[in-house]
Number of protein chains: 2
Amino acid sequence: MPEPRDGIASLATEMARHGIDRDAPVRSVMALLGDRWTTLILLVLETGEWRHAELKRVLATLSAEQAISQRVLTLKLRALERDGFVARFVTHDVPPKVSYRLTGLGLALQGQARQTIEWIKANGAAIEAARVHFDGL
Amino acid sequence: MPEPRDGIASLATEMARHGIDRDAPVRSVMALLGDRWTTLILLVLETGEWRHAELKRVLATLSAEQAISQRVLTLKLRALERDGFVARFVTHDVPPKVSYRLTGLGLALQGQARQTIEWIKANGAAIEAARVHFDGL
DNA sequence: CAGGATCCGATTGGATACTG
DNA sequence: CAGTATCCAATCGGATCCTG
């Protein structure tokens, strides 16, 4: 294992110790936040408890493109539930009523996501300027 | 456009005004941070200026799985460069020497990413416990 | 050495139809 | 209504080969 530069060795051992990779949740949660819908779902669930269908409808109004498919919404909610970010409530009526809301952990995660999103929005002009410059080369 | 719940209307108009979706950089930058390699690349570039090959080698030591392919490394560096997060330097020798480092904007982005990653690491045990609970149902 | 071109497998997300 | 199953297109990432 080469050590190409000063400082990177300690960095690597730090990462190994704290598990930034090696299937710690870091990779998968970052991927979740980076996917097509999760940040929007978190944003909506931050406002309270939502039924599946209602959530699907409001997400459609929040996205410029097409609506989320029922299948993908279920997939994303499951992923968030599995990681403990979202709690799921069911009444065993016919038809069943299912609702979702953030857990404390999910609310904290959304706080993190919101910070990053706010930063990107605040620097959006600079980013888009860089893109125009790069594309016009 | 229905308004299923109090507060979501102002949320939607806020998002439309500030462009949380609608191809503002928010979506694409979040996706970049969520992909297989970008956060690791930012982490390494935070330590200084790196040649392409050296960067590829150190990334291999930082990831538990396989090494990054040359093609994908170039792709990710281009994406970061296009958004103004990474600067690229070339000497027109034979063979050429190409190096990369973070811009001020990229350093700020890495600050954001680091915060989120630290949060995930700090809550990694809770997340993994939630997974065990969910999977054992 | 850096990176482009090509080919490929794996994953992601959307559309639709069906079930309790 | 919520969820699952199936099918499909698009995207992502890896492997290999080739060039200045």
Side-chain angles (χ1 to χ4, degrees), chain A residues 2 4 21 23 27-28 30-41 45 49-60 62-82 86-101 134 137, chain B residues 2 4 21 23 27-41 45 49-60 63-82 86-101 134 137:
Chain A
D21 202 351
D23 208 41
R27 275 274 314 288
S28 54
M30 289 299 288
L32 203 54
L33 291 178
D35 75 15
R36 173 75 181 80
W37 290 105
T38 297
T39 54
L40 286 177
I41 293 173
L45 289 186
E49 188 164 334
W50 288 79
R51 300 282 306 279
H52 181 109
E54 245 183 345
L55 180 54
K56 185 175 187 310
R57 268 189 292 273
V58 73
L59 283 170
L62 294 185
S63 177
E65 303 152 48
Q66 64 214 333
I68 189 172
S69 66
Q70 189 186 28
R71 174 179 157 271
V72 172
L73 178 53
T74 300
L75 247 56
K76 295 309 168 185
L77 287 170
R78 284 294 168 283
L80 289 167
E81 189 192 358
R82 186 173 107 96
V86 158
R88 178 173 177 269
F89 303 94
V90 194
T91 69
H92 282 295
D93 308 340
V94 182
K97 300 193 183 308
V98 183
S99 59
Y100 298 90
R101 69 162 174 249
F134 185 93
L137 248 49
Chain B
D21 201 350
D23 208 39
R27 276 274 315 287
S28 55
V29 174
M30 288 300 288
L32 202 53
L33 291 178
D35 75 16
R36 173 76 181 81
W37 291 104
T38 298
T39 54
L40 285 178
I41 294 173
L45 289 186
E49 188 165 334
W50 287 79
R51 298 283 306 280
H52 181 108
E54 245 184 348
L55 180 53
K56 185 175 187 310
R57 267 187 292 274
V58 74
L59 283 170
S63 177
E65 305 152 49
Q66 65 213 334
I68 188 172
S69 67
Q70 188 186 30
R71 173 179 159 273
V72 172
L73 179 53
T74 300
L75 247 55
K76 296 307 170 188
L77 287 169
R78 286 292 168 284
L80 289 167
E81 188 191 358
R82 186 174 106 97
V86 158
R88 178 173 177 270
F89 303 94
V90 194
T91 68
H92 282 294
D93 307 341
V94 182
K97 300 192 183 307
V98 184
S99 58
Y100 298 88
R101 69 163 174 247
F134 184 92
L137 249 51

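Below, chain A is the first sequence line, B the second, and so on; all start at residue 1.
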Distance below 4.0 Å between A/Y100 side-chain N/O and D/dG3 OP1 or OP2: yes
Rounded distance (Å) that lies between atom P of D/dG13 and atom CD1 of B/I68: 9 Å
Angle between terminal axes - the helix from C/dC1-D/dG20 to C/dG20-D/dC1, 5 pairs each end, rounded to 10°: 40°
Every protein N/O lying under 3.5 Å from an N/O of nucleotides 5-11 of chain C:
residue, atom, partner, partner atom, Å
C/dT6, O4, B/R71, NE, 3.3

Suppose we screen for side chain to side chain contact (heavy atoms under 4.5 Å, CB included). Which residues come up paired with A/A79, at least two apart in sequence or across chains? A/L32
Using the side chain to side chain contact (heavy atoms under 4.5 Å, CB included) definition, which of the options A/R57, A/K97, A/K56 pairs with A/R51? A/K97
Would you mind reading off the distance between B/L59 atom CG and D/dG14 atom C1', rounded to a whole angstrom? 15 Å
Rounded to the nearest angstrom, tell me the gap between atom CG in B/L32 and atom P in D/dT11. 16 Å
Report the C-alpha separation of A/L45 and A/L55 in whole Å, then their side-chain angles, then the decisive distance to 0.1 Å, and conclude whether the side-chain contact (heavy atoms from CB on, under 4.5 Å) test is met. CA-CA 8 Å; A/L45 289 186; A/L55 180 54; 4.2 Å; yes
Nearest-nucleotide pick for B/T74, side chain only, options being C/dC1, D/dA2, C/dG4: C/dG4
Nearest to the A/P96 side chain among C/dG20, C/dA2, C/dG13, which nucleotide is it? C/dG20
Would you check if A/L33 and B/L33 make a side-chain contact, meaning some heavy-atom pair closer than 4.5 Å? no
Nearest of D/dG3, C/dG14, D/dC1 to any side-chain atom of A/R78? D/dG3
C/dG13 C1' sits how many Å from A/I41 CD1, rounded? 12 Å
Atom CG of B/L55 and atom P of C/dC1: how far apart are they, to the nearest Å? 14 Å
Does the side chain of A/W50 come within less than 4.5 Å of A/V58's, by heavy atoms? yes
Trace of the side-chain contact (heavy atoms from CB on, under 4.5 Å) decision for B/L73 with B/H52: CA-CA 8 Å; B/L73 179 53; B/H52 181 108; 3.7 Å; yes
Can you tell me how far P of C/dA15 sits from CG of A/L75, to the nearest Å? 15 Å
When all nucleic acid strands are considered with a 4.0 Å heavy-atom cut-off, which category describes A/Q70: base, sugar-phosphate, or nothing? base
Winner on side-chain proximity to B/D35, out of C/dG13, D/dA2, D/dG13, is D/dG13
Decide side-chain contact (heavy atoms from CB on, under 4.5 Å) for B/R88 and B/V86; before the verdict, give the C-alpha distance in whole Å, the side-chain angles of both, and the deciding distance to 0.1 Å. CA-CA 7 Å; B/R88 178 173 177 270; B/V86 158; 5.5 Å; no
Distance check: side-chain N/O of A/W50 vs OP1/OP2 of D/dC1, anything under 4.0 Å? no
Considering every strand and a 4.0 Å limit on heavy-atom distances, what is the contact class for B/K56: base, sugar-phosphate, or nothing? nothing
CD of A/E54 to OH of A/Y100: how many Å apart, nearest 0.5 Å? 13.5 Å
The side chain of B/R51 lies closest to which of these nucleotides: C/dC1, D/dC1, C/dG14? C/dC1
When the distance from CG of B/L73 to P of C/dC1 is rounded to whole Å, what number comes out? 14 Å
Quick one: on DNA chain C, does A/S69 or B/L77 contact a more 5' nucleotide (nearest heavy atom)? B/L77
Phosphate OP1/OP2 of D/dG3 contacted by A/R88 side-chain N/O (<4.0 Å): yes
Nearest-neighbour nucleotide for the A/V72 side chain, C/dG14, D/dG14, D/dG3 considered: C/dG14
A/T38 (side chain) donor-acceptor with A/G34 (main chain) under 3.5 angstrom: no
Would you call B/R36 and B/S63 a side-chain contact if the rule is heavy atoms closer than 4.5 Å? yes
In whole angstrom, give the distance that lies between atom CE of A/M30 and atom P of D/dC12. 17 Å
